[in-house]
Amino acid sequence: MTELPLTLKELTLKTKEKYISYYGCAPQWIVAAPGRVNIIGEHTDYNGGFVFPMGIERYTILAGAPCSESDKIKVRCMRFNESVLININKLNRSEPIWSNYIRGVIAGYQERGVKIPSMNVIMNSNVPLGGGLSSSAALEVATGTLIEAAAGIEFSLQDRALIGQKAEHDYAGVPCGIMDQFISAMARKDQIMLLDCRSYETRWTSIKDPDVSFLIINSNVKHQLASGEYGKRRAECENAAKIMGIDLLRDATLQQLENAKVQMGNTSYKRAKHVITENERTLKAAEALEKSQFEEAGQYMYQSHESLSKDFEVSCEELDQIVLIAHKIGLSGGIYGCRMTGGGFGGCAIALVKTTQIQQITQTIEVAYKKATGLTCSIFSSRPAMGAHKIQI
Ligand code: ADP
Ligand code: MG
C-alpha cells in the first residue's frame with residue numbers, strides 16, 4: 001500500500017509530545033538522521049569502487065535531556081514500546097537487539113575520550129526497519145549526533161560515520177561497508193553523493209529539476225539467503241582479484257578479466273564482470289544525471305539490474321518482477337529506469353521517474369506486483385534529503 005508521508009516536522013512534533021508525556025519534561029536536544037537509498041553502484045563498496053547514494057525523506061529522530069541518574073542513558077523506543085537502561089560504564093552487546101546500535105556508538109565516542117552525558121532519550125523513526133533503507137545507519141548516526149549535541153562537541157562527519165560503522169561491526173555483528181553511515185551523516189538536500197569507497201572522496205551531483213523524483217518500491221520480502229550469500233560474494237570477488245594479481249576489483253579492466261577467465265572459473269568471472277561494469281555505469285550515471293540526461297541515467301539503472309540479476313546473482317523473483325513491470329510502464333508511462341537497490345534477495349527497488357506521473361505509476365506497480373507475486377509492495381517517493389542534523393527547538 002502507498003504510505004502517506006510524514007514530514008520531518010510532523011515526526012519531530014510527535015516525538016517531542018511523546019517525550020513530554022513519557023518523561024514529564026521537555027527535551028533539550030532533538031536530532032534527526034535519514035535513511036538512504038543507493039541510486040546505482042551495488043556490491044562495489046567492498047571492492048573499493050564507487051557508490052551513488054542519497055539521503056531519503058525518512059528519518060530517525062532522537063530527543064534527549066539530561067537525567068539525574070549518573071552514568072546512565074535511558075532510551076524509550078516508540079516503534080516497539082519498550083525501554084532500556086544503558087550503563088555507560090558497562091557497555092556490551094545485550095538485549096533488546098535495537099539497543100546494540102546505540103551501545104556501540106556510545107562505546108565509539110568513549111574510546112575517543114568523550115565523557116558521555118547521562119540522558120533520558122526517546123527514539124522515533126519513519127524509516128522502514130530491515131527494508132534495505134538503512135534504518136540501522138540512521139540510528140547509529142542519530143545517536144552520534146545526539147551525543148555530540150549533548151556533550152557540546154563536534155566531530156567531523158567522517159568520524160561520526162566511522163564510529164557508526166564500527167558500532168554496526170562490533171555491536172550488531174554486521175560487516176558493512178562505509179556507504180550507509182557516510183550518506184546518513186553527510187547527505188545534502190537535492191544532491192546525490194558519488195563516494196569513492198577507497199579514498200573516501202566525495203563528489204556531489206545536483207538534482208534540482210523538480211520534474212524528476214525517485215520512487216522507492218519495497219518488495220516486502222527478505223529471503224533467508226541474504227547474509228550467507230553476501231559473505232560468498234565477497235569471497236568470490238576477492239578470489240577474482242587475487243587471480244588477476246590486484247588487491248581490489250576496482251583496479252581491474254574488462255581486458256584483464258578476459259585474460260584471466262579460464263584460470264578463474266565462471267562464477268568468479270561473472271562476479272568480477274558485474275563489479276567492473278557496475279563501477280563504469282556508476283560514474284556514467286552520475287555524469288548523466290548531472291547533465292539532466294535522465295533517459296541515459298535510467299538505462300544505466302536497467303543495465304545495473306540485469307548485471308546484478310544475471311552476473312552477480314543477488315536479485316530474486318520479486319525484485320525482477322518490479323523491474324519488469326517498470327520496464328513495461330516505460331518512458332511513456334513516466335519511468336526512466338529501475339533497479340534493485342541494496343544487498344539483494346529482497347528489500348527495495350529504486351526507480352527514476354517523472355514527478356507528475358508518480359500517482360499513476362504507483363497504482364500500476366501495486367496492482368501488477370500483486371498480480372505477479374500475490375504480495376503487496378509499499379511505495380513512496382523521495383527527493384534527495386538533508387543528512388543528520390540538530391533540530392532547533
Ligand atoms: P536496515 O538497516 O536495512 O533497515 P538492518 O537489519 O540493518 O536493516 O537494521 C534493522 C534493525 O535496526 C532493526 O531490526 C532494529 O534492531 C534496529 N533499528 C533501526 N532503527 C530502529 C528504530 N527506529 N527503532 C527500533 N529499532 C531500530
Ligand atoms: Mg542496515
Side-chain angles (χ1 to χ4, degrees), residues 6 8 11-12 14-15 18-19 22 30-38 42-43 45-46 51 53 55-56 58-64 73-84 86 93-105 121-146 161 164-185 187 216-228 230 314 319 340-350 378 380 382 388:
L6 202 61
L8 179 56
L11 194 68
T12 306
K14 270 193 168 181
T15 313
K18 184 76 188 177
Y19 195 98
Y22 191 75
I30 300 184
V31 301
R36 64 95 187 96
V37 69
N38 192 22
E42 219 64 76
H43 287 276
D45 57 346
Y46 52 85
V51 292
I56 54 173
R58 296 292 180 113
Y59 284 90
T60 292
I61 295 206
L62 294 176
I73 292 186
K74 180 175 179 180
V75 186
R76 175 75 183 169
C77 165
M78 283 176 71
R79 179 77 62 118
F80 300 134
N81 280 327
E82 52 185 7
S83 305
V84 68
I86 299 173
R93 276 171 86 160
S94 186
E95 296 286 321
I97 301 225
W98 54 262
S99 69
N100 287 318
Y101 300 88
I102 300 170
R103 292 173 201 271
V105 173
V121 176
I122 273 196
M123 160 167 82
N124 195 4
S125 180
N126 62 0
V127 184
L129 304 193
L133 299 174
S134 222
S135 68
S136 58
L139 176 52
E140 290 147 10
V141 171
T143 304
T145 311
L146 178 66
Q165 184 203 22
K166 190 164 189 295
E168 183 120 4
H169 287 183
D170 297 350
Y171 279 72
V174 179
C176 60
I178 53 162
M179 168 171 71
D180 301 352
Q181 291 80 10
F182 262 59
I183 189 65
S184 185
I216 293 151
I217 307 144
N218 194 337
S219 67
N220 286 326
V221 296
K222 192 79 210 162
H223 294 288
Q224 285 305 320
L225 286 166
S227 56
Y230 179 81
V314 289
L319 288 169
M340 58 156 274
T341 181
F345 304 106
C348 293
I350 169 112
S378 322
F380 67 92
S382 183

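Counting starts at 1 for both ligands and their atoms, following the listed order. Computed from a prediction, not measured in an experiment: that's the story for all the values here.
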For this session: Report yes if Ile97 has an N/O atom closer than 3.5 Å to an N/O atom of ligand 1; otherwise report no.
Result: no

Exercise. Distance below 4.0 Å between atom 26 (N) of ligand 1 and any protein heavy atom?
Worked result: yes

Seminar exercise, completed: What one should report as the nearest heavy-atom pair of Val84 and Arg103 is CG2-NH2, 3.5 Å

For this session: Have a look at ligand 1 and work out which part of Asn124, if any, has a heavy atom under 4.0 Å from it: side chain, backbone, both or neither.
Result: neither

Exercise. Counting distance only, does the side-chain N/O of Lys166 pair as donor-acceptor with the main-chain N or O of Ala161 below 3.5 Å?
Worked result: no

For this session: Classify the contact between Cys77 and ligand 1 as side chain, backbone, both or neither, using a heavy-atom distance cut-off of under 4.0 Å.
Result: side chain

For this session: Report the C-alpha distance between Thr15 and Ile30 in whole Å, list the side-chain angles of each, state the deciding distance to 0.1 Å, and finish with yes or no for side chain to side chain contact (heavy atoms under 4.5 Å, CB included).
Result: CA-CA 9 Å; Thr15 313; Ile30 300 184; 5.8 Å; no

Seminar exercise, completed: atom 18 (N) of ligand 1 sits nearest the protein heavy atom Leu139 CD2, 3.9 Å

Exercise. Is there a donor-acceptor pair under 3.5 Å between the side chain of Ser219 and the backbone N or O of Gly347?
Worked result: yes

For this session: For ligand 1, indicate whether the residue Met78 contacts it via side chain, backbone, both or neither (heavy-atom separation under 4.0 Å).
Result: neither

Seminar exercise, completed: Nearest non-hydrogen protein atom to atom 23 (N) of ligand 1, with distance, is Ser125 CB, 3.2 Å

Exercise. Do Thr60 and ligand 1 have an N or O pair less than 3.5 Å apart?
Worked result: no

Exercise. Quick one: does Gly35 get within less than 4.0 Å of ligand 1, heavy atoms only?
Worked result: no

Seminar exercise, completed: Counting from 1 in the order shown, the ligand 1 atoms closer than 4.0 Å to a non-hydrogen atom of Leu133 are 3 (O)

Exercise. Closest non-hydrogen protein atom to atom 17 (C) of ligand 1, residue and atom name please, with distance?
Worked result: Tyr101 CE1, 3.6 Å

Exercise. Short check: any N/O/S atom of Ser135 below 2.8 Å from the Mg ion (ligand 2)?
Worked result: no

Exercise. Does Ser184 reach the main-chain N or O of Pro34 with its side chain, forming a donor-acceptor pair under 3.5 Å?
Worked result: yes

For this session: Over 60° means perpendicular and under 30° means parallel, so classify the ring planes of His43 and Tyr230, tilted if in between.
Result: tilted

Seminar exercise, completed: Residue, atom and distance of the protein heavy atom nearest atom 7 (O) of ligand 1 read Ser136 OG, 3.1 Å

For this session: Please identify which atoms of ligand 1 are closer than 4.0 Å to at least one heavy atom of Pro128.
Result: 4 (O)

Seminar exercise, completed: Within 4.0 Å of some non-hydrogen atom of Gly131, the atoms of ligand 1 are 3 (O), 4 (O)

Exercise. Considering Ala138, Ser135, Gly342, which one's heavy-atom position lies nearest to atom 4 (O) of ligand 1?
Worked result: Ser135

Exercise. How far is atom 24 (N) of ligand 1 from its nearest protein heavy atom, and which residue and atom is that?
Worked result: Met123 CE, 3.5 Å

Exercise. Looking only at protein heavy atoms, which one is nearest to atom 22 (C) of ligand 1, and how far off is it?
Worked result: Leu129 CD2, 3.9 Å

Problem set entry | Close N or O approach (Gly132, ligand 1; < 3.5 Å) | yes

Exercise. Is atom NZ of Lys14 surrounded by more than 12 heavy atoms (other residues, nucleotides or ligands) closer than 6.0 Å?
Worked result: no

Exercise. For atom 6 (O) of ligand 1, what is the nearest protein heavy atom, given as residue, atom name and distance?
Worked result: Gly130 CA, 4.3 Å

Problem set entry | Within reach of ligand 1, part of Ala172 (heavy-atom separation under 4.0 Å) | neither

Exercise. Where the side chain of Glu42 meets the backbone of Gly342, is there a donor-acceptor pair that is under 3.5 Å apart?
Worked result: yes

For this session: Step by step, work out the side chain to side chain contact (heavy atoms under 4.5 Å, CB included) result for Phe182 and Val51.
Result: CA-CA 11 Å; Phe182 262 59; Val51 292; over 6 Å; no

Seminar exercise, completed: Near Phe80 (heavy-atom distance under 4.0 Å), the atoms of ligand 1 are 25 (C), 26 (N)

For this session: Please name the pair of heavy atoms, one in Leu139 and one in Thr143, separated by the smallest distance, quoted to 0.1 Å.
Result: O-OG1, 2.7 Å

Seminar exercise, completed: Nearest non-hydrogen protein atom to atom 15 (C) of ligand 1, with distance, is Trp98 CB, 3.9 Å

Exercise. So, for Leu146 and Leu62, which heavy atoms are closest and what is the spacing to 0.1 Å?
Worked result: CD2-CB, 4.1 Å

For this session: Could you check Lys18 against Asn124 for side chain to side chain contact (heavy atoms under 4.5 Å, CB included), going step by step and ending with a plain yes or no?
Result: CA-CA 9 Å; Lys18 184 76 188 177; Asn124 195 4; over 6 Å; no

For this session: Please confirm whether the backbone N or O of Tyr59 pairs with a side-chain atom of Asn126, one donor and one acceptor, at under 3.5 Å?
Result: yes

Exercise. Within the distance-only criterion (no hydrogens, no angle test), does the side chain of Gln181 pair as donor or acceptor with the backbone N or O of Val141 below 3.5 angstrom?
Worked result: no

